[in-house]
Structure formats: C-alpha cells, structure tokens
Amino acid sequence: TGVATMKFKSPPVNSLSLEFLTEFSISLEKLENDRACRGVILTSALPKIFSSGLDITEMCGKSMEHYAEFWRAVQELWLRLYGSNMVTVAAVNGSSPAGGCLVALSCDYRIMAENPKFSIGLNEAQLGIVAPFWFKDTFVNVVGHRIAERSLQLGSLHPAPEAHRLGLVDELVPEEKLMEKASAVMAQWLALPDHARQLTKTMMRKAVLDRLVAHREEDIKNFITFISKESIQKSLRMYMEMLKKKK
C-alpha cells in the first residue's frame, strides 16, 4: 500500500533512550529512502502509553560526552520526523507527555484514543526543565502562541478531550477504531500528488527546521550546561525516586 506502520515497543513506557532514538532515526531513514514508501503511521505496541518522552536516566549522573551524544540523537530524530517527505500520522493510543508529545506534534496529523485517562502535553516545566526553542516552535505551529505559552509555562498535561479542543490532536476516536481511522486519513493525504504536498510541507516547516540546523551546536552546549547543574540533577533524582515509589 506504500504505507508503513511503526510500533514503539520499549517496555515499560517507550521512553526515548539513546538506543531507542537511534533506532527510530535509522528506521525513518530507511523508509525515507524506500521509493515505494509514501507514508508512515506511528503508534505504540504497549497498552496505555504512546511514549513517556525522554529517558531521564540518560540525563542523570552521566558524562558531558554522553549528554552531548544523547541530545544530538534527540535533535536528529526531530529533524528527520518534522522534515520528513512522507505523510506522517500519529495514532496516539495512550498517554504522551514531554518528548512523546513532541513526536506526535512532529507528525502531519494526530489521532488520539478517546479516553480521558490518556493525556498529552509538553510538561517539562513540572520537572524543572525548560522545553528547548524547537519544541516550543513545533508546539506554537500546532496550537498557536497563546495556548502554547500557557501550556508550556504550567507544564500542562491535557486529557484527550481537552487536547482535541485545543487543537493539539486533530481527532479523537474509540481506541479500537484508531488504526482504521489512521489508515483512512493516510489514504486521504496520499490521494494528492506527492510533490505538491511535499513542497507545501517544506514551505510551512522550513524556517523552524533551519533555525535548529543553524544553532545545533549551541543548542547542545546549552543542554549540557543546563542539565549538568546540581539543582537540575537534584530535581531529576527526586523525580526518579518518585517514579520508583509509584511502581
């Protein structure tokens, strides 16, 4: 059909570890280079979670070199996904905080399971972390400046119905209909001539992509400086302890 389905399966919560990010980018590159592939549907093979976002263990108590390698992998994934020539549809079948939300935001279309227990948002502020400018740019491009500003400052996680109301997701459907709907949407997008759709997408997204490309090294340095601060390391350790207690 010219459509690939990519399922995240990294238990327990599909957190974006260095290994996961690298494999994700390589898989996207392979699909991008396959002329027969015109679209990809992203979803999770794990129940109740799309992706929990960046793996905190990659950002806690590691070397400067590791932080640089990790952050470069995060950038690489976003540049590939946001700039992809393929039609990208996120079938969000569970909660999707922080980096998981970024993955969904980077797609062309987002369909979420109609379950008020599932939430999505860039909640970095809750962990004492600041979402980088390119996370913010992607968010603003989807929901507009005011909603993005409020949501980012409060580190909000929006339940599915609210996420739909804000335009953070395009559609809500019953969980069992999610993949069927994703395929229908994909068919609608693929009915257009590829070149016209691709050039339009590039025109809409180029400025945001170019901004990260131009400031990539600076962005990595900023991340290392920020994440290495003892106060940030302390808040990440506390957050990890809290997660352990939840288990």
Side-chain angles (χ1 to χ4, degrees), residues 14-26 28-29 51-84 96-107 120-157 168 204-243:
N14 292 333
S15 53
L16 304 173
S17 63
L18 181 55
E19 187 185 8
F20 187 104
L21 289 162
T22 306
E23 199 171 318
F24 195 166
S25 286
I26 290 168
L28 276 177
E29 187 179 10
S51 166
S52 66
L54 301 183
D55 188 339
I56 304 240
T57 61
E58 301 278 14
M59 301 186 272
C60 204
K62 298 280 199 293
S63 68
M64 301 287 185
E65 291 74 23
H66 183 87
Y67 295 146
E69 188 186 3
F70 175 65
W71 198 245
R72 194 178 293 280
V74 180
Q75 292 177 335
E76 187 60 36
L77 174 62
W78 178 76
L79 289 167
R80 280 201 177 282
L81 186 56
Y82 199 62
S84 175
S96 198
C101 177
L102 181 75
V103 169
L105 285 171
S106 302
C107 292
I120 184 168
L122 294 177
N123 62 323
E124 281 78 357
Q126 284 191 35
L127 314 185
I129 302 174
V130 179
F133 70 85
W134 42 285
F135 281 51
K136 180 268 297 176
D137 288 345
T138 313
F139 200 25
V140 168
N141 282 356
V142 172
V143 298
H145 198 279
R146 175 64 192 128
I147 291 169
E149 182 180 45
R150 189 179 62 204
S151 188
L152 282 168
Q153 285 199 50
L154 294 172
S156 306
L157 280 175
L168 178 49
M204 297 298 291
R205 298 188 172 194
K206 191 175 186 304
V208 173
L209 287 159
D210 285 353
R211 193 170 160 211
L212 177 61
V213 172
H215 299 284
R216 206 166 169 181
E217 296 308 317
E218 187 189 332
D219 182 58
I220 291 170
K221 280 186 190 138
N222 288 345
F223 172 75
I224 295 169
T225 305
F226 183 76
I227 214 73
S228 306
K229 283 183 183 158
E230 187 42 46
S231 57
I232 301 301
Q233 286 290 311
K234 189 178 169 187
S235 72
L236 289 176
R237 285 195 297 270
M238 281 165 64
Y239 184 69
M240 279 162 70
E241 282 305 312
M242 187 188 83
L243 288 180

Which pairs would a plain distance check flag for residues 145-152, meaning a side-chain donor or acceptor within less than 3.5 Å of a matching protein atom at least two apart in sequence or in another chain?
residue	atom	partner	partner atom	Å
R146	NH1	E149	OE1	3.3
S151	OG	H158	NE2	2.8

Discussion item. Within this structure, what is the CG-CE distance for the pair L18 and M59, rounded to the nearest 0.5 Å?
Written reply: 12.0 Å
Discussion item. Show the nearest heavy-atom pair for residues C60 and L236, with the distance to one decimal.
Written reply: SG-CB, 4.1 Å
Practice prompt. Give a yes or no answer on whether the side chain of Q75 reaches the backbone of R216 with a donor-acceptor pair at less than 3.5 Å.
Written response: yes
Worksheet item: Measuring from F20:CZ to L54:CG, what's the distance to the nearest 0.5 Å?
Response: 11.0 Å
Worksheet item: Are W134 and W71 near enough that their ring centres are under 6.0 Å apart?
Response: yes
Fill in: From I220 atom CD1 to H215 atom NE2, the distance as rounded to the nearest 0.5 Å
13.5 Å
Worksheet item: Can a salt bridge be assigned to the pair K62 and E69 using a cut-off of 4.0 Å between side-chain N and carboxylate O?
Response: no
Fill in: Side-chain touch L102/S106, heavy atoms, less than 4.5 angstrom
yes
Practice prompt. Check whether any side-chain heavy atom of L79 sits under 4.5 Å from a side-chain heavy atom of L212, and report yes or no.
Written response: yes
Discussion item. Nearest 0.5 angstrom please: F70 CZ to D55 CG, how far?
Written reply: 6.5 Å
Discussion item. For a quick test of reading the model, state the closest non-hydrogen atom pair linking D210 to K206 and the distance between them.
Written reply: OD2-NZ, 2.6 Å
Fill in: Atom pair CG (L168) and OG (S156), whose distance is rounded to the nearest 0.5 Å
10.5 Å
Discussion item. When you compare the side chain of W78 with that of T138, does any pair of heavy atoms fall below 4.5 Å?
Written reply: yes
Worksheet item: Do D137 and Y82 meet the criterion of a side-chain donor-acceptor pair at a distance under 3.5 Å?
Response: no
Worksheet entry | Minimum heavy-atom distance S96-I120, with the two atoms named | O-CG1, 3.3 Å
Practice prompt. For residues R80 and E76, determine if any side-chain heavy atom of one lies less than 4.5 Å from a side-chain heavy atom of the other.
Written response: yes
When the side chains of residues 122-133 are checked against the rest of the protein, which donor-acceptor pairs come out under 3.5 Å, sequence neighbours left out?
residue	atom	partner	partner atom	Å
N123	OD1	A98	N	3.1
Q126	NE2	G155	O	2.6

Worksheet item: Would you call N222 and F226 a side-chain contact if the rule is heavy atoms closer than 4.5 Å?
Response: no
Practice prompt. Answer yes or no: is there a side-chain heavy-atom contact under 4.5 Å between V103 and S51?
Written response: no
Fill in: Closest non-hydrogen atom pair, P97 against S52
CG-O, 3.6 Å
Worksheet item: Side-chain contact, heavy-atom cut-off 4.5 Å: T57 with M240?
Response: yes
Fill in: Pair E58-E19, side chain to side chain contact (heavy atoms under 4.5 Å, CB included): steps then yes or no
CA-CA 10 Å; E58 301 278 14; E19 187 185 8; 6.0 Å; no
Worksheet item: How many angstroms lie between atom CG of L21 and atom OG of S17, to the nearest 0.5 angstrom?
Response: 6.5 Å
Worksheet item: Going through the checks in order, is the side chain to side chain contact (heavy atoms under 4.5 Å, CB included) test met by M238 and M242?
Response: CA-CA 6 Å; M238 281 165 64; M242 187 188 83; over 6 Å; no
Worksheet item: Just by modelled atom types, is the G61 backbone N or O under 3.5 Å from a matching donor or acceptor in the Q233 side chain?
Response: yes
